[in-house]
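Encoded as structure tokens, the structure appears first; notes follow it.
All values below come from the heavy atoms of this structure, side chains included, with hydrogens, waters and symmetry mates left out.
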Amino acid sequence: MARASCGGKFITLEGVDGAGKSTHIAWIGERLRARTAEVIVTREPGGTPFAEKMRALVLAEPMDAFAETLLMFAARSDHVRQVIAPALARGAWVACDRFTDATFAYQGGGKGVPEGLIRQLAEAAHPGLAPDLTLVFDCPYEIARARLEGTGRQLDRFESEGKGFFDRVRGAYRKLARQEPGRVRLIDAAETADRVKVMIEKELSTI
């Protein structure tokens, strides 16, 4: 897929559940606002009323991997058309917690949905659009699991998956980083929050 070619910049955060990306996205938004006039911070699945309904469904209801993939792209299509594409077109920067790389990692790597099918759906949902920069928060299962359990809340059905699923998802993300080193950068999320911020700053300075 081509990069975002309009006036704005599109930055995505990826990684396994518990790696800490959601903890840092608001801070990333603030750092970006120091560089440009308008920054949109959003998430997937979600970001629009329709997509948030799809989020609630996907995170709570058991379903097969193909149905799950279709719902992810239904939410993503609405999100792109209602939020992401208009923002980029007017020159805003967009920071998004997950995008299509998450589908390659979770539904593809984690659940075996064919990569070719995911690519076809991506081209239909957001033709010609890919992030300018993707930060993958990478850490071992034991650290991510401890962080999730430390929240004290009920885990959703992805967060509740076991080590085998986690390792497949992590492996898929690391594969993406090897395939697209110019766009996808690994962040050592096992480090302290302050050290992670230093790594993020370094990568943001490249765009």
Side-chain angles (χ1 to χ4, degrees), residues 9-35 39-47 55 58-59 72 76 84 93-111 118 130-207:
K9 295 288 186 182
F10 186 23
I11 300 165
T12 55
L13 278 64
E14 298 283 357
V16 297
D17 290 290
K21 60 178 179 50
S22 299
T23 301
H24 288 89
I25 192 163
W27 177 82
I28 289 172
E30 291 304 312
R31 300 305 297 161
L32 295 177
R33 288 185 182 99
R35 297 172 55 180
V39 176
I40 304 298
V41 175
T42 188
R43 69 175 183 177
E44 289 210 347
R55 178 187 182 89
V58 167
L59 294 185
M72 289 291 190
R76 183 165 297 133
I84 296 173
W93 286 31
V94 177
C96 189
D97 186 346
R98 299 199 188 283
F99 194 61
T100 294
D101 290 319
T103 308
F104 280 110
Y106 277 78
Q107 284 72 46
K111 299 191 175 183
I118 295 173
D132 295 285
L133 175 68
T134 297
L135 304 179
V136 173
F137 287 66
D138 179 66
C139 72
Y141 170 80
E142 292 75 16
I143 291 175
R145 175 57 52 184
R147 288 173 178 171
L148 288 172
E149 292 176 351
T151 64
R153 59 174 174 77
Q154 183 175 352
L155 303 183
D156 66 41
R157 68 187 188 89
F158 291 100
E159 295 169 334
S160 301
E161 291 276 4
K163 186 176 186 298
F165 178 79
F166 173 99
D167 287 342
R168 293 193 299 274
V169 172
R170 186 188 185 196
Y173 275 128
R174 293 172 74 90
K175 178 183 175 182
L176 283 167
R178 292 192 300 271
Q179 290 175 332
E180 297 188 59
R183 173 178 72 86
V184 183
R185 316 287 174 77
L186 289 179
I187 299 293
D188 185 356
E191 291 281 358
T192 65
D194 286 344
R195 177 58 187 154
V196 168
K197 287 178 179 178
V198 171
M199 289 184 273
I200 294 170
E201 287 271 26
K202 179 181 177 182
E203 298 301 344
L204 291 178
S205 71
T206 66
I207 63 170

Q.
Working to the nearest 0.5 angstrom, can you tell me the gap between D97 CG and I25 CD1?
A. 4.5 Å

(Q) How close do A177 and L186 get, counting heavy atoms only, and between which atoms? (A) CB-CG, 3.9 Å

Q. Is a side-chain donor or acceptor of R147 paired with a backbone partner of A19 at a separation under 3.5 angstrom?
A. yes

Q. Nearest heavy-atom pair of L13 and K21: which atoms, and what distance?
A. CD2-O, 3.5 Å

Q | Rounded distance (nearest 0.5 Å) linking atom CD1 of I207 with atom CG of L133 | A | 5.0 Å

Q) Where is the tightest heavy-atom contact between L32 and A95, given as atom of each residue plus distance? A) CD1-CB, 4.2 Å

Q.
For the NZ atom on K111, are there more than 12 heavy atoms of other groups (residues, nucleotides or ligands in this structure) within a distance under 6.0 Å?
A. yes

**Q.** Distance in Å, I200 CD1 paired with E203 CD, rounded so as to fall on 0.5 Å steps
**A.** 9.5 Å

Q: Give me the one residue out of R76, R55, R98 that meets side chain to side chain donor-acceptor pair (under 3.5 Å) with E44.
A: R76

Q) For K163 and Y141, which heavy atoms make the closest approach, and how far apart are they? A) CA-CE1, 3.6 Å

Q. What heavy-atom pair brings A190 and I143 nearest, and what distance separates the two atoms?
A. CB-CD1, 3.5 Å

Q: Determine, for R33 against E30, whether the closest basic-nitrogen to carboxylate-oxygen distance falls under 4.0 angstrom.
A: yes

Q) Could you state the interatomic distance from CD1 (I40) to CZ (F10), rounded to the nearest 0.5 Å? A) 12.0 Å

Q.
Between the side chains of R157 and D17, is the shortest nitrogen-to-carboxylate-oxygen separation below 4.0 Å, so that they form an ion pair?
A. no

**Q.** Check: I11 main-chain N/O paired with D132 side-chain donor or acceptor under 3.5 Å
**A.** no

Q) Can you check side-chain contact (heavy atoms from CB on, under 4.5 Å) on R35 and L204, steps first, answer last? A) CA-CA 11 Å; R35 297 172 55 180; L204 291 178; 4.0 Å; yes

Q) Say you draw a straight line from CD1 of I118 to CD of Q107; how long is it, rounded to the nearest 0.5 Å? A) 7.0 Å

Q. Do the side chains of R170 and P140 get nearer than 4.5 Å, heavy atoms only?
A. yes

Q) Got a donor-acceptor contact below 3.5 angstrom from the E161 side chain to the F166 backbone? A) no

Q) Counting heavy atoms not belonging to Q179, are there more than 12 under 6.0 Å from its CD? A) yes

Q: Begin from the C-alpha positions of T206 and R185 and carry the test side-chain contact (heavy atoms from CB on, under 4.5 Å) through to its verdict.
A: CA-CA 11 Å; T206 66; R185 316 287 174 77; 3.4 Å; yes

**Q.** Interatomic distance, M199 atom CE to D188 atom CG [nearest 0.5 angstrom]
**A.** 5.0 Å

Q | Shortest non-hydrogen contact between F158 and D156, atoms and distance | A | N-OD1, 2.9 Å

Q: Hey, can you tell me if Y106 and Y173 have their rings parallel, tilted or perpendicular (30° and 60° cut-offs)?
A: perpendicular

Q. Is any NZ, NE, NH1 or NH2 atom of the basic residue among E159 and R153 found under 4.0 Å from an Asp or Glu carboxylate oxygen of the other?
A. yes

